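Shown next, in structure tokens, is the structure this report addresses.
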Amino acid sequence: VGVALVDKFPTLFEYRLVLAGNQVNLAGIFLDDRRHVEAMTKLDAAAENLNQVRDAAPTQAMLKQMAAVEQRKRAQCLQEMAWQLATDPNDAERDGKQAVAWATEACELSGWTQAVCLDTLAAAYAETGDFDKALKWAEEAIDALPANADERMLQTLTTRRELFESGVPFRRPQRDNGPLLDDEND
């Protein structure tokens with residue numbers, strides 16, 4: 001087995017690059033399964049491996065591409081965790097301050113251009129009671145929607161903005177019946 005690995009990955013650089021790619025892919029699987037802590041752990045490990053090979057990269061384009069994928073997945077993970085903390089229907093599960101921190105980091109990683117990250121930041125500020133900032137970021141989220149965005153997405157963001165205008169934070173609906181309830185409401 002050791003010889004086969006040496007033949008397949010003749011340099012530590014190549015090994016770390018493949019390992020980082022696998023860690024990013026695994027983080028994506030964890031994200032899909034809503035296992036955010038495990039996803040962040042894999043993304044941290046991928047970032048460490050990418051940092052180790054940054055200067056030795058034979059092709060900076062390949063390294064930049066992998067780093068960009070890691071960064072997008074990290075932003076998605078932070079956004080999803082912030083959304084959970086900002087909008088959970090259970091009072092004990094919400095933490096507006098942490099939600100603002102994670103949502104801000106997600107916005108930074110995504111270049112302040114992703115409507116979903118900006119919307120999450122708006123919801124997080126609403127959870128903290130800062131409705132001026134919630135409105136600001138809700139407007140930014142609406143403005144960040146692509147021209148071909150689904151009309152339902154625009155309506156969803158507009159409805160949330162109206163909640164914030166009324167001084168009301170957004171709460172996800174309580175889901176007691178699992179995925180069947182989701183299907184029935186669509």
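What you see is a predicted model, and the numbers here were worked out from it, not measured in a lab. Positions are given from 1 along the sequence.
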Once you round to the nearest 0.5 Å, how far does CD1 of Ile142 lie from CG of Leu157?
5.5 Å

Sequence neighbours left out, what passes salt bridge (Lys or Arg N to Asp or Glu O under 4.0 Å) with Glu48? Give chain and number order.
none

Closest non-hydrogen atom pair, Leu118 against Ala144
CD1-CB, 3.7 Å

Using side-chain contact (heavy atoms from CB on, under 4.5 Å) as the criterion, list what pairs up with Ala126, not counting sequence neighbours.
Phe131, Ala134, Phe164, Pro169

Any side-chain heavy-atom pair of Arg161 and Thr158 under 4.5 Å:
yes

Taken in chain and number order and not counting sequence neighbours, the residues that satisfy side chain to side chain donor-acceptor pair (under 3.5 Å) with Glu165 are none

Taking side chain to side chain donor-acceptor pair (under 3.5 Å) as the cut-off, I'd like each qualifying pair that reaches into residues 122-132, sequence neighbours left out, listed once.
Arg94-Glu127, Glu127-Arg171

Is any side-chain heavy atom of Asp95 closer than 4.5 Å to one of Lys97?
yes

Leu163: partners by side-chain contact (heavy atoms from CB on, under 4.5 Å), with sequence neighbours left out
Val168, Phe170

Mind listing the side-chain donor-acceptor pairs of residues 101-109 below 3.5 Å, one per line with the distance, residues two or more places apart or on another chain?
from: Thr104; atom 1: OG1; to: Val100; atom 2: O; distance (Å): 2.7

Check side chain to side chain donor-acceptor pair (under 3.5 Å) between Gln23 and all other residues, then give those that pass, not counting sequence neighbours.
Asn49

Could you pull out all donor-acceptor pairs under 3.5 Å where a side-chain atom in residues 75-89 meets a protein atom, sequence neighbours excluded?
from: Gln76; atom 1: NE2; to: Glu80; atom 2: OE2; distance (Å): 3.1
from: Gln79; atom 1: NE2; to: Thr120; atom 2: OG1; distance (Å): 2.8
from: Glu80; atom 1: OE1; to: Arg34; atom 2: NH1; distance (Å): 3.0
from: Glu80; atom 1: OE1; to: His36; atom 2: NE2; distance (Å): 2.8
from: Glu80; atom 1: OE2; to: Arg34; atom 2: NH1; distance (Å): 3.3
from: Gln84; atom 1: OE1; to: Arg172; atom 2: NH2; distance (Å): 3.2
from: Thr87; atom 1: OG1; to: Trp83; atom 2: O; distance (Å): 2.6
from: Thr87; atom 1: OG1; to: Arg172; atom 2: NE; distance (Å): 2.8
from: Asp88; atom 1: OD1; to: Asn90; atom 2: N; distance (Å): 2.7
from: Asp88; atom 1: OD2; to: Arg172; atom 2: NH2; distance (Å): 3.1

Please report the interatomic distance CG(Asp150) to CD(Gln155), rounded to the nearest 0.5 Å.
11.0 Å

For Ser166, all residues meeting side chain to side chain donor-acceptor pair (under 3.5 Å), sequence neighbours excluded:
none

Any residue meeting side-chain contact (heavy atoms from CB on, under 4.5 Å) with Lys73, in chain and number order, not counting sequence neighbours:
Val24, Leu31, Leu43, Val69

As a quick check of understanding, evaluate side-chain contact (heavy atoms from CB on, under 4.5 Å) for Lys133 and Leu121, giving each step before the final call.
CA-CA 9 Å; Lys133 285 185 180 174; Leu121 185 57; over 6 Å; no

Quick one: list whatever passes side-chain contact (heavy atoms from CB on, under 4.5 Å) with Thr156, sequence neighbours left out.
Arg160

Only counting residues at least two apart or in another chain, list the ones meeting side chain to side chain donor-acceptor pair (under 3.5 Å) with Gln98.
none

Can you confirm whether more than 12 heavy atoms, excluding those of Met153, are under 6.0 Å from its CE atom?
no

